[in-house]
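For reference, the structure discussed in these notes is given below.
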Amino acid sequence: MENVKKTLLEKGAIFTTSSDSDIENSEHIIGFSFDNDYKDYLRCMGTIYLDGKEFYGLGVPKDYYLNIGNALQKLRLLPDYPPLMLPLVSNGAGAWFLYDCQRGSVFSWQIAGDVDDQRKSLKVFLEDFFRV
């Protein structure tokens, strides 16, 4: 994850890293444990902003729109939202990339309910998404 961060920094990315206590608190609030890959993402990057793309995470105020707890609270109101997935990034038109901590894989999800396993780890997804 550090190599991805280094490359994204060179491209001008902004990050908001998170502490272990923030991660543990969020796990408690959200209701499930994050896998090691997602915890590494939160510790190393927290959230990402680059070229108009905004990745959800921690390291921002609890009521900030990029905070995963805040985002999940709203997304879980939608009837077809996969309950054990975390929002990564939205395209702004109802399509999302979500991370499944149980499977360690990124999924695409449409608000209409379509879920598709991208069969990529979080690190590989970030590399592909940002063409690292």
Side-chain angles (χ1 to χ4, degrees):
M1 203 63 75
E2 287 291 336
N3 289 338
V4 174
K5 181 177 182 177
K6 180 181 176 194
T7 303
L8 294 179
L9 275 170
E10 291 168 0
K11 292 182 174 199
I14 299 169
F15 305 99
T16 60
T17 59
S18 182
S19 68
D20 286 335
S21 63
D22 286 342
I23 293 169
E24 290 170 13
N25 187 43
S26 291
E27 287 175 318
H28 177 72
I29 291 168
I30 289 170
F32 59 88
S33 295
F34 305 152
D35 71 358
N36 288 334
D37 286 344
Y38 194 73
K39 288 178 184 179
D40 287 345
Y41 161 74
L42 294 173
R43 282 185 206 107
C44 184
M45 298 184 211
T47 62
I48 305 170
Y49 178 79
L50 178 62
D51 294 334
K53 303 294 185 206
E54 299 173 310
F55 272 68
Y56 290 75
L58 294 175
V60 293
K62 291 178 183 177
D63 60 348
Y64 193 65
Y65 71 100
L66 288 179
N67 181 286
I68 53 171
N70 187 36
L72 267 176
Q73 187 177 28
K74 295 171 184 168
L75 288 168
R76 285 178 170 168
L77 297 174
L78 300 170
D80 294 324
Y81 186 80
L84 297 177
M85 294 191 187
L86 300 166
L88 289 175
V89 63
S90 169
N91 75 351
W96 288 79
F97 286 103
L98 310 174
Y99 185 70
D100 185 329
C101 287
Q102 291 181 325
R103 296 181 187 139
S105 187
V106 175
F107 286 73
S108 63
W109 173 69
Q110 303 286 325
I111 288 182
D114 297 330
V115 179
D116 181 40
D117 189 346
Q118 300 296 296
R119 292 175 173 57
K120 294 179 181 178
S121 69
L122 183 52
K123 181 178 180 282
V124 170
F125 174 76
L126 291 170
E127 291 169 340
D128 290 351
F129 189 89
F130 289 111
R131 294 182 177 99
V132 172

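Not measured: the values here are computed from a predicted model.
Side-chain atoms of Gln73 and Ile30, non-hydrogen and from C-beta on, never get closer than 4.5 Å to each other. Between Arg43 and Thr17, the closest side-chain pair of non-hydrogen atoms is not below 4.5 Å. Counting only heavy atoms from C-beta outward, the side chains of Leu58 and Thr47 never approach each other to under 4.5 Å. Tyr99 is listed as a side-chain neighbour of Asp37, based on a closest heavy-atom distance under 4.5 Å.
At least one test fails for Lys11 against the ring of Phe130: distance under 6.0 Å to the centre or angle within 45° of the axis.
Tyr38 and Tyr41 have tilted rings, their planes meeting at an angle from 30° to 60° on a 0 to 90° scale.
Looking at Ser105 and Gln118, their side chains never bring a donor and an acceptor atom within 3.5 Å of each other.
Scored by the side chain to side chain donor-acceptor pair (under 3.5 Å) test, Asp80 finds no partners at all (sequence neighbours excluded). With sequence neighbours left out, Asn25 forms a side chain to side chain donor-acceptor pair (under 3.5 Å) with no residue at all.
Aromatic rings of Phe125 and Phe97 (six-membered ring for Trp) have centroids within the 6.0 Å cut-off, being under it. Taking the six-membered ring for Trp and the full ring otherwise, Tyr56 and Trp96 have centroids separated by under 6.0 Å. If you look at Trp109 and Tyr81, their ring centroids are closer than 6.0 Å. Aromatic ring centres of Phe55 and Phe129 lie closer together than 6.0 Å.
Atom CZ of Arg119 has 12 or fewer heavy atoms from other residues, nucleotides or ligands within 6.0 Å.
Test Leu126, Asn3, Val132 against Leu8 for side chain to side chain contact (heavy atoms under 4.5 Å, CB included) and you get one pass: Val132.
The cluster map of Ile, Leu, Val, Met, Phe, Trp and Tyr, joined by side-chain heavy atoms under 4.5 Å apart, puts Leu78 and Leu86 in the same cluster. In the hydrophobic clustering of ILVMFWY residues, with side-chain heavy atoms under 4.5 Å counting as a link, Tyr65 and Ile14 come out apart.
At a threshold of 4.0 Å, the pair Asp128-Lys120 counts as salt-bridged, since one of the basic side-chain nitrogens sits closer than that to a carboxylate oxygen. Using a 4.0 Å cut-off between charged nitrogen and carboxylate oxygen, Glu2 and Lys6 do not count as a salt-bridge pair.
In this structure, the separation between CZ on Phe34 and NZ on Lys39 is 8.5 Å, given to the nearest 0.5 Å.
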